[in-house]
There are 2 protein chains.
Amino acid sequence: MNKEKTMNNNQHTNCCHHDNCSGNNESCVAIVPIFNHLEKSQMEEIMGVTHSVAYKKGEVIYSAGDQADSLYIVNMGRVRIYRLSEAGKEQLLRILKPGDFTGELALFNETLHEAYASAMVDTSICTVKRLDLQDLLLKYPSISLKVMAEFSRRLERAERQTTRLATEKVDTRIALFLAECLEVGSMNNEITLPMSKKDLASYLGTTPETISRKLYELETLGYIRLISNKKIQIIDLDSLLLI
Amino acid sequence: MNKEKTMNNNQHTNCCHHDNCSGNNESCVAIVPIFNHLEKSQMEEIMGVTHSVAYKKGEVIYSAGDQADSLYIVNMGRVRIYRLSEAGKEQLLRILKPGDFTGELALFNETLHEAYASAMVDTSICTVKRLDLQDLLLKYPSISLKVMAEFSRRLERAERQTTRLATEKVDTRIALFLAECLEVGSMNNEITLPMSKKDLASYLGTTPETISRKLYELETLGYIRLISNKKIQIIDLDSLLLI
DNA sequence: TTAAATCTTTGATGTAAATCAAGTTTTGAA
DNA sequence: TTCAAAACTTGATTTACATCAAAGATTTAA
């Protein structure tokens, strides 16, 4: 069951247990939307309270049940956020890219994490301690506005996903997902799946077998073309969305 | 209640499209968690920018596609927030009680509403305009902390629900729901369903028929006892959660 | 109070998608 | 580069649940 054969449970309480420590803080603060609108001097102040930590591919960043006391901002790499069902089945919730953050839930509520976060590739992360963050938010209210904007976006997405899982058939969920991949930006309607089909299945609340079959079916219908494992060309978006 | 009788209407500019207008602002600001921790003088300032509106049972408060420009705080009554699937199927997302708020999503993001809000019973609501709210948040950063705490709680719930819909069978989802109803507080393990079974079905991503059958099944197993339409006694919580 | 509308239950039937199993392909670490 | 471990595909089978239909409840409004 336990796929993370992590060497040791490293508690990154402070900085610098890992390699790339200091200095990186700068880039981190500068790239995240919640901070990068501030004055240079303010950013420098923030750098003072951030800690940079590096995680190897597969390493766990936090687990459900952990006491949450930091905000985690992805500086480089990719982080998967997932939950486990009662039966231990994994469900992928989202994938963080540089500039995204997590850990905030418990930060404001003194609760434990309910989700897991692990590094999908070698990843560097900046952390800000609960109390430091609260100070920052009180001192620079505009940060709060950014954080709230991000929260509300996430909330919107989470509720949209909830509705899809509750009301749409698998075909439709796949079609909607493909359409969203397309939106982002793509050469001649060609998309690259941002995750493995196993993960996609988990994200969409289905199984890899079903994903495989449905994609084949969509190709048969002439709506898409399967180019390679991760590449798909959308041929008829309108029909796709009418499924 | 009844404090409105003693009040005269001032300080609200474009209030009074509906009946019960003045005076209620006070109770509204005083009861919501995002404001009620403030100083009296600060609350009074906030009252100055809130508008009280009454909705009759069934009235729509906002619809998907509407431009969102206000925060809605429930003062009295009950509000259902729901979405429509691509096929027009309704999905209940949550039910707001006095003190809860909605409309915030688009408030920080200049987007349109994606959900619908309608009054389940006669309801009175306080609204705060986008710009007024932003001023308040910048002026009183502690309000932001409250709002973020509420957001993160909602996010947690939304993601939990997503995971349940994606990974659990209907039995389990029902069992988990019943268990949550129990938590809140209940005499001798007796719970009162907070919504119709039709709504519950929608919330849990299933159908009323299935709800009906599964509840009967749970009774047969001896885990619960169906007292009346809306009342259920939980007999064996542990077994219920092991389904 | 009564009738209409809405919700709920129960039964019969259909089906989408999960599961199981066994190959094939891709990936990544040594 | 090679080889083992994952990930992916395809087929056969099972099943959980939706759908349809029609009879009881309950709620609502006149």
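Naming convention: chains lettered A, B, ... in sequence-line order (proteins, then strands); numbering from 1 in each chain. Side chains included, hydrogens not; waters and symmetry mates left out as well; all remaining heavy atoms used.
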Does B/Lys197 have a side-chain nitrogen or oxygen under 4.0 Å from the phosphate oxygens OP1 or OP2 of D/dT26? no
Any side-chain N or O of B/Thr210 under 4.0 Å from OP1/OP2 of D/dC17? no
Would you kindly check whether a donor in the side chain of B/Glu209 faces an acceptor in the base of D/dC20, or vice versa, at under 3.5 angstrom? yes
With a 4.0 Å cutoff (strictly under), does any side-chain N or O of B/Lys198 reach OP1 or OP2 of C/dC7? yes
May I ask you to decide if the ring planes of A/His113 and A/Tyr62 are parallel, tilted or perpendicular, using 30° and 60° as cut-offs? parallel
Residue B/Asp171, side-chain atoms from C-beta onward, closest of D/dC8, D/dG11, D/dC17: D/dC17
For B/Thr192 and B/Lys231: C-alpha separation, side-chain torsions, deciding distance, then whether side chain to side chain donor-acceptor pair (under 3.5 Å) applies. CA-CA 5 Å; B/Thr192 302; B/Lys231 288 208 182 303; 2.8 Å; yes
Within this structure, what is the CD-to-C1' distance between A/Glu168 and D/dA18, rounded to whole angstrom? 15 Å
Quick check on C/dA18: is either OP1 or OP2 less than 4.0 Å from any side-chain nitrogen or oxygen of A/Thr207? yes
Side chain of B/Ser212 - closest among C/dC7, C/dT10, D/dA7: C/dT10
Which comes earlier along DNA chain C counting from the 5' end, the contact point of A/Lys57 or that of A/Arg213, where each point is its nearest nucleotide? A/Arg213
Any side-chain donor paired with an acceptor under 3.5 Å for B/Gln91 and A/Thr163? yes
For DNA chain D, what residues of residues 77-90 of chain B have any heavy atom nearer than 4.0 Å? none
A/Glu217 CD to C/dT15 P, straight-line distance once rounded to whole Å: 15 Å
Geometric class of the B/Phe101/B/Phe151 ring pair [parallel <30°, tilted 30-60°, perpendicular >60°]: tilted
Categorize B/Gly205 for me: base, sugar-phosphate, or nothing, with a 4.0 angstrom heavy-atom threshold over every strand shown. sugar-phosphate
What's the separation between atom CD in A/Glu159 and atom OG1 in B/Thr162, rounded to the nearest 0.5 Å? 9.0 Å
Please report how far the helix from C/dT1-D/dA30 to C/dA30-D/dT1 bends, comparing the axis fitted to its first five pairs with the axis fitted to its last five, to the nearest 10 degrees. 70°
Start at the 5' end of DNA chain C and walk down; is the nucleotide closest to A/Lys230 or to A/Lys214 reached first? A/Lys214
